[in-house]
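Inspection log for the structure reproduced underneath, given as structure tokens.
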Protein chains: 2
Amino acid sequence: MTNKIKDVSAKAGVSPTTVSRVLNNSKLVNEKTKRKVLQVIEEMGYIPNASAKNLRSKKTMTIGVIVTDILVSYNADIIKGIENMANSLNYKIIICDAQDQKEKEIDYLNLLYNRTIDGMILVTSTLSDQEIIKIAEQGYNVGVIGRNIDHDLVSCVYNDNGKAVQEVIDHLVENGHKEIAFISGLKDAVDSYERLEGFIYALKRNNISFNPDLVDNGDFSEYGGYQAIKRMIAKGQSFTAVFAANDEMALGVYNAFKELDIKIPEQVAVIGVDNIRVCSYVSPRLSTVAQPKYSMGALMTEKLIDQMNENKYTSSRTFKVSSTLLIRESSDYKI
Amino acid sequence: MTNKIKDVSAKAGVSPTTVSRVLNNSKLVNEKTKRKVLQVIEEMGYIPNASAKNLRSKKTMTIGVIVTDILVSYNADIIKGIENMANSLNYKIIICDAQDQKEKEIDYLNLLYNRTIDGMILVTSTLSDQEIIKIAEQGYNVGVIGRNIDHDLVSCVYNDNGKAVQEVIDHLVENGHKEIAFISGLKDAVDSYERLEGFIYALKRNNISFNPDLVDNGDFSEYGGYQAIKRMIAKGQSFTAVFAANDEMALGVYNAFKELDIKIPEQVAVIGVDNIRVCSYVSPRLSTVAQPKYSMGALMTEKLIDQMNENKYTSSRTFKVSSTLLIRESSDYKI
DNA sequence: ATAAAAACAGAAATCGATATCAAATTATAA
DNA sequence: TTATAATTTGATATCGATTTCTGTTTTTAT
């Protein structure tokens, strides 16, 4: 039988209340009493039961994190940032791998409703803005990474996609490219849309007219990127650079060009987004847009916990972080 | 104010006990009553409070997972296996990133002691066998992945390192290699030791005498592997194949050879362990030993949960899984 | 028709902590 | 030396479910 607070209080000759106070660093207890109690706690090896504490205090010091897939390196980096920040603030995290199923994602939200967790972080969620807002409006603490939802109750940490795309296009144009293909991700992903918009805008800024035939969809997968290139070539489109909305697709692009015996970067430049590990190991090394994933996770966590504890007054709950263009061999060539 | 079980029972005209029975699928409730209660629950959108349930039932349906580093792909794969299996058995997982600090690892064990979790899975833990056994003997449920601890109370899922190493050496010998260098991981890691032992044994089986100068330590990191090769070459050792105890070090080996302008696999064969993603993207593609990481995580989880619920009688609690040698370009060459 | 067994339902205790409120003690001020 | 304030302590209610134990009703067997 493990010790309970009563056992401690009995042995220390004080009330459970006092023991509780000592445990929680209340200043409403005399220094001498405190020492005595601490000594007894030490002696008995007493450890307070978390469930009892959670029930009474209506907090679990736990936050949930829903990701589409733990293995996607973008998610893993973010999770690491979340975990480390949470840990440093004495929080724990429950990981929910939605396995790309919206249904599972919705299932996991139950952790919020049944008070297993104090708040939930959604990483590139498949839920709609409206769905997320509804959760927040019911009084639950939600944060979203990778998207900007315009609502007072939803904390967001997202990327300045526009600026990143701008940089990419400027860089390509600077290297002499005028026909730039764009491989977007899933049609309905917010990121895809934003990047496409940014793409069009960036072209305009460089006085290049937008050609819709140079845009295709690669659903964020390696094979999807491969297929997209194949389709464009089949349609007879010509281009000297490819900007893929993520690195996975860019790798698929590599495969396609290898098959077609088209040289990167001499004949075509390729740039991806995410800076996954493989980028630096493929040949030629892949230029990419790096997002501060770890920091995004950490920042989101910090802000969400602030929000949960209403610690600080924050006028805004959305935070835009910026990306960095990493120019590597795959695009570092003037045509 | 959210609804409590009392609210439901009042509205349904039954006792809280009955509602609880319905919630927990007890057969001690009449079909008609059950339907009525379910309807009220539905109407009120009642969701039982997890903390209360945990406290009373002395279970949290949560297991903890301590890893040295979430980002290491070996760990990430295992975590995915754990999460998915846990989820399918209605368990949740709390992820603990020990950031390679033993101190943190010990800290996280508190989740076990304060009953935040029902069991803990240690992935390549830095704790000693004795330390782990002690935890188990105190009545806590612990499982270990990547190591075999000989104790009734500790569940283990580990790799048949000996067999894997054997296969690697056989493969190399078959390709004409006689001077094989071995780069081990951290000196005190169990895996390293086992692999080294297996290495020596495998050489003997192939009638090759063991040369201690062809063994060096690379501490599992890319740069460590690089340094190890540099040291061997500096010492004037000659060899035609390198077996690194993990892929990271093998990548370092690649760097060293590139620098020295030594061709893989023509002049030297290289084989790693882990099958990280990069293996298939480097040039030449890296041969490696693949462990069924996802399955190991899933298996461990299944067994640990069995153990926690004393569901099944299991004569043994240790499970040895076997690896597969993936022969790729880096070693697929007869000298 | 009656005894025994099975099925169903609820009252009250309980899990183990914290919160609330009231009281006792000590310190300070007038 | 009181009156008052500040400090310290504890009794008790409470968080919200499940468990235990008891009682009632229904079914089955004889």
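None of these values were measured; they are calculated from a predicted model.
Nearer the 5' end of DNA chain C, as judged by each residue's closest nucleotide, is the contact made by B:S57, out of B:S57 and A:K53.
Salt bridge annotation for A:D69-B:K80: present, with a cationic side-chain nitrogen under 4.0 angstrom from a carboxylate oxygen. Between A:R147 and A:D129, at least one side-chain N (NZ, or NE/NH1/NH2) sits under 4.0 Å from a carboxylate O, which counts as a salt bridge.
One interatomic measurement links the two molecules: NZ of B:K58 to P of D:dT20, which rounds to 11 Å at whole-angstrom precision. A:N30 has its CG atom 19 Å from the P atom of C:dA24, to the nearest Å. The nearest whole Å value for the distance from the CZ atom in B:R56 to the P atom in D:dA17 is 14 Å. When rounded to the nearest whole Å, the span between CG of A:N54 and P of C:dA19 equals 12 Å. Distance CG (A:N24) to P (C:dT20): 13 Å, rounded to an integer number of Å. Atom CG in B:L28 sits roughly 13 Å away from atom C1' in D:dT18 (whole-Å rounding). The interatomic distance linking B:K36 (NZ) with C:dC8 (P) rounds to 19 Å, in whole Å. With rounding to whole Å, B:E31 atom CD is found 9 Å from C:dC8 atom P.
Counting any heavy atom pair closer than 4.0 Å across all strands shown, B:S51 reaches no nucleic acid atom.
One can find a donor-acceptor pair under 3.5 Å joining the base of D:dG10 and the side-chain atoms of A:R21.
Here A:Y46 does not reach the OP1 or OP2 of C:dG16: none of its side-chain N or O atoms lies under 4.0 Å away. At the phosphate of D:dG10, OP1 or OP2 sits under 4.0 Å from a side-chain N or O atom of A:T18. At D:dT8, none of the side-chain N or O atoms of A:T33 fall inside 4.0 Å of OP1 or OP2 (strictly under the cut-off). Contact check, A:N49 against C:dC15: no side-chain N or O comes under 4.0 Å of OP1 or OP2.
One side chain, B:Y294 or B:N84, offers a donor N or O that lies under 3.5 Å from an acceptor on the other. Side-chain polar atoms of B:D160 and B:S322 form no donor-acceptor pair below 3.5 angstrom. Of the N and O atoms on the side chains of A:S26 and A:N24, not one donor lies less than 3.5 Å from an acceptor on the other residue.
Contact check of residues 5-17 of chain B against DNA chain D (heavy atom, cut-off under 4.0 Å) returns B:I5, B:T17.
For the pair A:T33 (side chain) and A:V29 (backbone), a donor-acceptor distance under 3.5 Å is absent.
Distance CG/B:N30 to NZ/B:K36: 14.0 Å, rounded to 0.5 Å.
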